[in-house]
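Numbers restart at 1 for each chain; the letters A, B, ... are given by sequence-line order, proteins then strands.
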Amino acid sequence: MGDDDIGTLRLRRIPILNGFESVSSAAVELPKTSESPQLLKIRHSMSHVMAMAVQQLFPSARVTIGPWTETGFYYDFDNPDPFTEADLKAIKKGMIKIINKKLPLERVEVSRSEAEERIKAQNEPYKLEILEGLQEPITLYTLGKEWWDLCAGPHVEHTGQLNPKAFELESVAGAYWRGDETKAQLQRIYGTAWESADQLAEHKRRIEEAKRRDHRRIGNDLDLFSIEDEAGAGLVFWHPRGARMRLLIEEFWRQAHFAGGYELLYTPHVADISLWKTSGHLDFYSESMFGPMEVDEREYQLKPMNCPFHVLTYASTLRSYRELPIRWAELGTVYRYERPGVMHGLMRVRGFTQDDAHVFCLPEQISDEILRILDLTEEILSTFDFTNYEINLSTRPEKSIGEDAVWELATKGLVEALERKGWSYKIDEGGGAFYGPKIDLKIEDAIGRMWQCSTIQLDFNLPERFKLEYVAADGSRQRPIMIHRAIFGSLERFFGIMTENYAGDFPFWLAPEQIRLLPVTDEVMSYAEKIQQSLRKAGVRCNIDQSGDRLGKLIRTGEQKKIPVLAVIGAQEAEHSTLSLRSRLQGDLGEVAVDALLQAAKKANEQRDATLDLPMATPIGAS
RNA sequence: GCCGGUGUAGCUCAGGGGUAGAGCAACUGAUUCGUAAUCAGUAGGUCAGCGGUUCAAUUCCGCUCACCGGCUCCA
């Protein structure tokens with residue numbers, strides 16, 4: 001797929017705001033560890049150096065594992081006292097000392113028994129456990145004379161090849177031994193390391209850039225949404241500006257779905273608990289559900305998913321094969337119990353709206369239906385400038401239900417659809433749900449992060465549990481195939497991702513306030529009001545800045561609120577029936593006739609454009 | 001849920017056992033102004049909540065809640 005023009009334009013044009021430079025022409029390359037053999041060695045060695053420094057400072061610390069990450073490394077320790085941020089400074093000093101000694105790192109191949117002896121001599125129980133899982137040959141790396149670690153390598157030759165000015169210890173965190181929350185709690189220290197100080201500086205700049213884009217910050221600054229303590233964690237309040245954007249997203253979504261052959265449903269938020277018993281959620285999903293509530297001696301359950309409702313809707317009447325495929329979508333709000341401490345802005349909440357849909361079809365329709373879904377997914381995601389995807393196809397796990405033939409047919413249908421779409425994908429062998437294979441899709445944002453949103457899952461389970469049927473051509477009763485799919489995943493989460501993708505600089509069509517009129521003096525207020533009225537009538541979201549501040553301040557405020565188009569109105573504009581436009585993404589658009597702006601804005605809204613299509617008008621003062 | 005950190009005005013933050021501070025935002029007034037901050041004034045806080053220590057707690061201690069960075073889990 002081609003380059004994203006809007007995206008690149010935006011990256012180049014964002015001005016410097018509050019001293020924070022945004023994505024700049026980054027001359028400094030930051031390869032990932034997996035892309036650079038040299039960085040891999042550096043980071044691998046750094047984690048050894050860190051572990052050695054830690055054990056020098058904290059002799060009671062036991063070592064566990066210390067791998068590289070894509071931007072650095074970490075090491076997990078078992079230490080009686082957790083490390084504090086202050087300890088990091090001391091550890092860093094210790095590391096610099098080790099680096100300056102130019103200690104050699106040497107690979108030593110040892111027998112299993114020798115390794116065991118050496119580990120026991122140092123009383124490192126975790127290392128012993130690691131050793132048990134290792135295949136021959138067993139190698140360890142020495143770091144100078146005093147320190148060594150079980151390791152496959154590779155490493156730099158000596159610590160003098162590590163740049164003491166190009167690493168940083170970033171944070172301490174709790175982690176579990178072997179990632180298992182029932183096992184010992186360890187202390188993890190994260191670090192980053194590079195070849196040059198420039199790279200380190202660039203890495204830090206990118207962290208700042210991610211902070212600048214943080215949807216929680218932008219949501220607050222632009223007054224889009226909030227999460228209120230009094231209401232509870234993970235429950236989202238959409239403020240007028242955010243709600244307006246959500247409405248625009250939903251309108252687009254509905255229109256795309258109707259065009260794509262879907263019908264829309266509305267279903268209840270609660271249902272009798274017996275429904276959840278039939279669906280299996282009570283047995284397999286209850287720890288993620290809000291507790292039941294009793295009404296009239298009947299127990300009701302708040303919905304964590306929409307599918308049982310769509311299934312009931314299907315089952316409400318006898319279906320013929322001629323009706324299939326049935327495609328039903330719903331913006332369905334669900335509630336899930338999330339453990340305290342896992343909530344995160346809009347990305348992880350307890351109440352959220354899924355753009356859920358279910359397709360009931362014949363086995364031979366699977367491939368076509370999946371392809372349609374892929375097409376719709378691309379259409380919808382690319383409208384928000386997400387055009388790079390990473391696709392995973394997950395196949396049958398060991399524990400699963402359904403006949404071999406059905407699994408085979410279904411998996412073939414998914415593969416066929418992906419091939420027809422021409423999308424490359426990875427296969428996650430055995431990674432499917434117990435009830436069917438699935439396709440997951442991740443999108444890449446403007447700063448290269450991947451986010452899982454869309455998912456397409458085949459389900460042989462629910463139709464079985466609810467005994468769904470259709471009447472086949474021969475008059476027999478057959479079971480339909482059910483496809484679950486979501487494109488945004490959750491509106492909240494998608495909104496958060498999209499906000500970070502645009503860094504709050506939303507495209508024109510999506511901005512909650514599209515045009516702000518800036519009256520230079522009070523004298524032009526009535527002219528401004530007239531313009532506001534006609535723009536609003538045309539469906540353009542437009543306000544007048546009534547603050548009475550001077551123009552410089554009005555512009556500053558408008559830019560800080562990331563309004564796409566600021567329209568300066570002074571005596572000259574009133575006289576000419578024009579506005580002087582300043583576009584956030586396009587710069588100065590000059591003096592433009594009111595009607596020209598109106599037409600351009602309407603067109604941008606209809607086409608969902610990021611910017612206005614306006615011929616450059618006469619520059620100010622030229623007449 | 002677990003480990004660590006944080007919680008002072010709408011926002012960003014200072015302060016500290018003896019009645020609470022700044023800048024920005026808000027409001028009021030003056031200014032009527034041309035492309036990123038006009039000036040002056042006013043108002044705004046149970047210092048997250050609950051309990052304890054103390055003559056006195058926003059400050060010290062404990063618990064709870066929320067948030068932040070991770071772990072685990074996940075849309």
Side-chain angles (χ1 to χ4, degrees), chain A residues 15-19 74 76 79 81-88 170-190 207 211 214 216-217 220-221 223 226-234 287-288 304-305 332 334 336-356 440 451-455 484 486-494 496-497 518-525 547-561 566-573 580-582 584 587-588 590-591 620-621:
Chain A
I16 292 165
L17 299 163
N18 302 331
Y74 66 82
D76 287 349
N79 196 43
D81 296 313
F83 301 117
T84 64
E85 301 277 337
D87 292 334
L88 292 190
E170 295 183 303
S171 62
V172 284
Y176 301 105
W177 171 235
R178 299 249 145 117
D180 184 339
E181 63 180 320
T182 63
K183 296 211 164 95
Q185 176 88 45
L186 307 173
Q187 299 298 319
R188 174 171 301 176
I189 301 177
Y190 280 98
I207 291 172
K211 271 192 204 161
D214 192 313
R216 294 167 296 185
R217 177 198 188 89
N220 192 41
D221 287 351
D223 198 14
S226 66
I227 292 163
E228 299 294 330
D229 271 15
E230 281 184 80
E287 74 276 15
S288 293
M305 292 191 191
V334 298
R336 295 184 186 173
Y337 172 74
E338 295 287 354
R339 298 157 95 186
V342 304
M343 262 73 74
H344 180 94
L346 296 180
M347 305 295 196
R348 187 84 180 269
V349 291
R350 282 179 170 163
F352 58 98
T353 302
Q354 293 182 307
D355 67 319
D356 211 353
D440 290 318
W451 302 92
Q452 152 110 52
C453 292
S454 315
T455 175
H484 307 250
I487 292 172
F488 295 137
S490 115
L491 277 175
E492 285 76 6
R493 185 174 154 80
F494 183 79
I497 294 166
L518 311 180
V520 177
T521 66
D522 287 349
E523 269 87 80
V524 292
M525 200 54 93
S547 68
D549 288 325
R550 298 194 176 166
L551 184 58
K553 182 64 179 294
L554 300 185
I555 288 179
R556 181 181 156 84
T557 308
E559 292 287 358
Q560 282 180 335
K561 292 293 175 193
L566 298 176
V568 174
I569 298 173
Q572 179 182 307
E573 286 79 9
S580 290
L581 300 185
R582 179 183 160 121
R584 193 163 158 79
D588 189 359
E591 197 174 330
I620 297 170

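- Figure legend. B:A26 is base-paired to B:U42; pairs are counted as Watson-Crick or G-U wobble with both atom distances under 3.5 Å.
- Closest to the side chain of A:Thr521, from the set B:G34, B:U38, B:U32, is B:U32.
- Residue order along RNA chain B, read from the 5' end via each residue's closest nucleotide, puts A:Glu523 first among A:Glu523 and A:Gly234.
- Looking at residues two or more places apart in sequence or on another chain, you find no ring pair (Phe, Tyr, Trp, His ring centres under 6.0 Å) involving A:Tyr176.
- Summarising the base pairing, B:A36 is matched to no nucleotide, lacking a Watson-Crick or G-U wobble pair whose two defining distances lie under 3.5 Å.
- Rounded to a whole Å, the CG atom of A:Asp76 is 16 Å from the P atom of B:C3.
- Not a single donor-acceptor pair under 3.5 Å links the side chain of A:Asp76 to the backbone N or O of A:Leu186.
- Interatomic distance, CD of A:Glu492 versus CZ of A:Phe352, reported as 8.0 Å (0.5 Å rounding).
- For B:G7 and B:A48, the C1' atoms lie 6 Å apart once the distance is rounded to whole Å.
- Listed for the A:Lys561 side chain is no donor-acceptor partner under 3.5 Å among the backbone atoms of A:Arg556.
- For B:G62, the paired nucleotide is B:C50, the pair qualifying as Watson-Crick or G-U wobble because both relevant distances are below 3.5 Å.
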Completion exercise
Under a 4.0 Å heavy-atom criterion, the protein footprint on nucleotides 69-75 of chain B, written with B, S and -, is BBBBBBB
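- As judged by a 4.0 angstrom heavy-atom cut-off over every strand, A:Ala486 is placed among residues making no nucleic acid contact.
- Side-chain proximity of A:Arg582 to B:G34, B:U35, B:A66: nearest is B:U35.
- Remark: the separation of the P atoms in B:C24 and B:A40 is 10 Å, to the nearest Å.
- B:G23 and B:C39 are spaced 13 Å apart, taking the P atom of each and rounding to whole Å.
- Across every strand in view, B:C67 sits in a pair with B:G5 that passes the Watson-Crick or G-U test at under 3.5 angstrom.
- No donor-acceptor pair under 3.5 Å is formed between the side chain of A:Arg188 and the backbone N or O of A:Ala173.
- Taking atom C1' on both B:C73 and B:G17, the two are 44 Å apart, rounded to the nearest angstrom.
- Using a 4.0 Å heavy-atom distance criterion, A:Pro82 is classed as a sugar-phosphate-only contact.
- Ranking B:A36, B:G1, B:G34 by closeness to the A:Val520 side chain, first place goes to B:G34.
- Remark: the separation of the C1' atoms in B:C67 and B:A43 is 29 Å, to the nearest Å.
- The pairing partner recorded for B:G18 is B:C55, the criterion being a Watson-Crick or G-U wobble arrangement whose two distances lie under 3.5 angstrom.
- Checked by distance alone, A:Glu287 brings no side-chain donor or acceptor within 3.5 Å of a matching partner on the base of B:G1.
- For the P atoms, the distance from B:A9 to B:A14 is 12 Å, rounded to whole Å.
- When atom types are taken as modelled, the side chain of A:Gln452 and the backbone of A:Ser454 share a donor-acceptor pair closer than 3.5 angstrom.
- Considering only residues two or more places apart in sequence or on other chains, A:Met347 meets the side chain to side chain contact (heavy atoms under 4.5 Å, CB included) condition with A:His215, A:His344, A:Trp451, A:Arg493, A:Ile497, A:Glu500.
- Counting any heavy atom pair closer than 4.0 Å across all strands shown, A:Gly548 reaches a base atom.
- In this structure, A:Ile555 and A:Arg582 have side chains that are in contact, with non-hydrogen atoms separated by less than 4.5 Å.
- If you take atom C1' in B:A36 and the same atom in B:G10, they sit 22 Å apart, rounded to whole Å.
- Salt bridge absent: A:Asp214 and A:Arg217 never bring a charged side-chain N and a carboxylate O closer than 4.0 Å.
- Contacts of A:Glu170 with the nucleic acid, taken as non-hydrogen atoms under 4.0 Å apart, are absent.
- In this model, the phosphate group of B:C39 is not approached by any side-chain N or O of A:Lys553 to a distance below 4.0 Å at OP1 or OP2.
- Residue A:Asp522 is classed as a base contact, given a heavy-atom separation below 4.0 Å to a base.
- Taking the P atoms as reference points, B:U59 lies 14 Å from B:G52, given to the whole Å.
- The distance between atom CD of A:Glu228 and atom P of B:A48, rounded to the nearest whole Å, is 17 Å.
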